[in-house]
Amino acid sequence: MDRRKIILKNVSLGFVFKILNMGIVYLTIPFLLKYLGTSNYGVWVTIFSIVNILFFVDAGIANGLKTKLTEAISNKNLSLAKEYISTASIIIIFISIVFFLLACITIYSVNLNSLLNVGDLISNKDLQTVFFVILIFIVSNFVLSLYKVFFYAIQKASVVEFSLFLYRLFVFCFIYYALNNLESSILNIAYIYGLSNFIVSIIFSFVFFNKRKEILPSIKSFKKERINDLMSLSIRFFIIQMCMIVIFITDNIIISNLLGPDTVTNYDIVFKLFQVVIMLSTILLDPFWSLFTDAYQKKDFVWIKVTIKRMNRLFIGVCFGTVVLILLTKLIISIWIGKEFVVDESLPYFMGLFVLIRIFPLVYMYFLNAIGEIKLQMYLFILGAIINIPVSVLFVKYLDLGVSGVILGTSVSIIAMVFLLPFQTYKILKKNEIKKN
């Protein structure tokens with residue numbers, strides 16, 4: 001395997017598609033804001049935050065499958081790859097059915113209007129309809145969206161970026177149509193996002209298996225013994241995912257409850273601007289999960305160490321880019337959204353701090369995920385999830401930091417990873433090099 005060639009291809013193509021992705025996203029937001037209005041945009045962003053929570057209910061199977069499937073394909077064991085795909089698919093179908101029933105009960109028994117603190121902006125009945133529509137699309141996409149794992153496993157991360165570009169292009173086209181032809185409605189937006197994701201998942205699932213019919217999932221290839229292989233990693237990944245929900249995705253819910261939906265809009269626009277830095281970093285890192293797995297299987301520890309050192313050097317550039325973005329935040333948003341949009345004075349600085357704390361440990365996280373060493377990471381995420389909400393509330397309500405307090409609370413929740421994940425990585429590499437020699 002020529003890892004250098006794979007990296008160059010995936011990173012270069014990934015960069016092109018990611019830039020197109022970001023262009024579409026940032027072009028879509030002003031149209032979406034105009035279609036929904038400031039308050040309803042804040043409501044939709046809060047709903048979308050909850051929707052993102054629902055995407056993690058696969059019990060971590062997707063991440064467990066990514067590691068195990070990459071190992072099987074790396075060892076050219078296609079029958080084992082088929083067993084992993086079939087077993088994971090059937091498990092997720094079962095989880096989907098259970099989740100659908102539980103979610104339906106929750107949707108129609110909880111007062112969603114009070115939960116989101118949306119007042120008279122949208123009725124509880126309309127919110128229930130929106131969540132039910134989203135639920136239908138999410139459940140149908142649980143298995144279909146596994147195509148991303150499949151392409152990662154065969155070292156084609158750029159294809160995943162291309163699929164995301166198509167998804168966002170569909171969303172943009174539908175929103176543009178709605179803006180000119182349909183009455184403002186959060187329900188319409190729910191249909192747009194759900195249908196776009198469903199169409200893209202169908203297309204790319206077909207593309208993958210059309211050329212690889214030998215690993216097409218089947219009931220006969222379901223193996224009970226593969227459940228343990230998948231779940232040993234998947235349960236820990238699931239716990240990490242649940243903790244990540246509390247740490248990263250509840251911000252908008254906290255803001256909506258403490259400061260109101262309008263403030264969510266202010267926060268979300270600035271967050272999306274700084275997300276550029278995180279997105280560009282993931283372009284570079286996405287191909288490395290499967291490459292780290294392959295290198296570790298083949299005991300190529302020199303390549304792993306050299307790669308991590310190069311990533312650390314690139315982080316210096318990330319720091320510089322983040323500082324520039326902090327200084328230009330108001331100018332960029334005035335051009336992008338409009339001069340009337342008011343940016344909280346301290347928010348860009350705290351957002352920049354969060355971005356750097358979030359990005360630095362990522363290369364170590366990718367390596368540890370790739371080799372299945374995620375116990376320490378799991379404990380750190382659990383700790384972060386426990387302190388995130390109370391710390392965020394403390395900063396917002398009692399230290400009077402306003403919306404900036406939420407992202408500061410998030411930063412505090414994950415800062416331990418900056419120090420402990422690199423320590424664990426180098427300890428593992430040193431131990432394996434001693435064994436190899």
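As a basis for the values below, the full set of heavy atoms in this structure was taken, side chains included, without hydrogen atoms, waters or symmetry mates.
- With hydrogens and angles disregarded, no donor-acceptor distance shorter than 3.5 Å links the side chain of Ser256 to the backbone of Asn252.
- At least one side-chain heavy atom of Leu380 sits less than 4.5 Å from a side-chain heavy atom of Leu421.
- Checked by atom type and distance alone, the side chain of Ser123 pairs as donor or acceptor with a backbone atom of Asp126 at under 3.5 Å.
- Taking all atoms of both residues into account, the shortest heavy-atom contact from Asn21 to Phe165 is OD1-CA, 2.6 Å.
- Counting heavy-atom neighbours within 6.0 Å of Leu101 CG, excluding the residue itself, gives a total above 12.
- Annotation: side chain of Ile359 is in contact with side chain of Ile278 (closest heavy-atom distance under 4.5 Å).
- The only member of Val200, Val159, Ile202 that meets side-chain contact (heavy atoms from CB on, under 4.5 Å) when paired with Tyr147 is Val200.
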| message | Before you tell me yes or no, could you show the steps for Ile253 and Val264 under side chain to side chain contact (heavy atoms under 4.5 Å, CB included), namely the whole-Å CA-CA distance, both residues' side-chain angles and the distance that decides it to 0.1 Å? | response | CA-CA 8 Å; Ile253 301 171; Val264 175; over 6 Å; no
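- Formation of a donor-acceptor pair under 3.5 Å by the Ser221 side chain with backbone atoms of Ser86 is not found in this model.
- Open room surrounds CZ on Phe198; 12 or fewer heavy atoms of other groups in view lie less than 6.0 Å from it.
- The environment of NZ in Lys305 is sparse: at most 12 heavy-atom neighbours from other residues, nucleotides or ligands sit within 6.0 Å.
- Looking at Lys299, its side chain never comes within 3.5 Å of a backbone N or O of Tyr296 through a donor-acceptor pair.
- Taking the ring centroids of Phe354 and Phe274, they lie at or beyond the 6.0 Å cut-off.
- Here CG of Leu353 is found 11.0 Å from OG of Ser404. Values are rounded to the nearest 0.5 Å.
- Counted within 6.0 Å of CZ on Phe315, heavy atoms from surrounding residues, nucleotides or ligands total more than 12; the atom is thus considered enclosed.
- For Phe222, the CZ atom sits in a packed shell: over 12 heavy atoms of surrounding residues, nucleotides or ligands are nearer than 6.0 Å.
- Around the OH atom of Tyr379, the shell of radius 6.0 Å holds no more than 12 heavy atoms that belong to other residues, nucleotides or ligands.
- Aromatic rings from Phe288 and Tyr366 are positioned such that their centres are separated by 6.0 Å or more.
- Looking only at side-chain heavy atoms (C-beta outward), Trp44 and Leu32 come within less than 4.5 Å of each other.
- Under a 3.5 Å cut-off, the side chain of Ser196 and the backbone N or O of Tyr193 do not form any donor-acceptor pair.
- With sequence neighbours excluded, the residues forming a side-chain contact (heavy atoms from CB on, under 4.5 Å) with Tyr108 are Gln128, Phe132, listed by chain and number.
- Side-chain contact between Leu259 and Ile254 is absent, with no heavy-atom pair separated by less than 4.5 Å.
- Side-chain contact between Asn369 and Gln377: present, with at least one pair of heavy atoms (C-beta onward) separated by less than 4.5 Å.
- Applying the 6.0 Å contact sphere to OH of Tyr426 captures more than 12 heavy atoms from other residues, nucleotides or ligands.
- For the pair Arg212 and Phe208, the cation sits on the ring face: its NZ or CZ lies under 6.0 Å from the ring centre, inside 45° of the axis.
- Using cut-offs of 30° and 60° on the angle between ring planes, the pair Phe271 and Tyr267 is parallel.
- More than 12 non-hydrogen atoms from other residues, nucleotides or ligands lie less than 6.0 angstrom from CD of Glu214.
- Taking the centre of each ring, Tyr176 and Phe31 come in below the 6.0 Å mark.
- A donor-acceptor pair is defined here as one N or O able to donate and one able to accept, closer than 3.5 Å; such a pair exists between the side chain of Asn181 and the backbone of Tyr177.
- Taking the side chain as every heavy atom from C-beta outward, Ile138 and Phe100 never approach each other to under 4.5 Å.
- Closest of all the heavy-atom pairs between Ile415 and Ile357 is CA-CG2, 4.0 Å.
- Between Tyr41 and Tyr35, a ring centre-to-centre spacing not shorter than 6.0 Å is recorded.
- At least one donor-acceptor pair closer than 3.5 Å links the side chain of Asn124 to the backbone N or O of Leu112.
- Considering only heavy atoms from C-beta on, Leu164 comes within 4.5 Å of Lys148 through its side chain.
- Residues passing the side-chain contact (heavy atoms from CB on, under 4.5 Å) test with Glu83 are Leu80, Lys223, Arg226, sequence neighbours excluded.
- Between Ser392 and Val406, the closest heavy-atom pair is OG-O, 3.6 Å.
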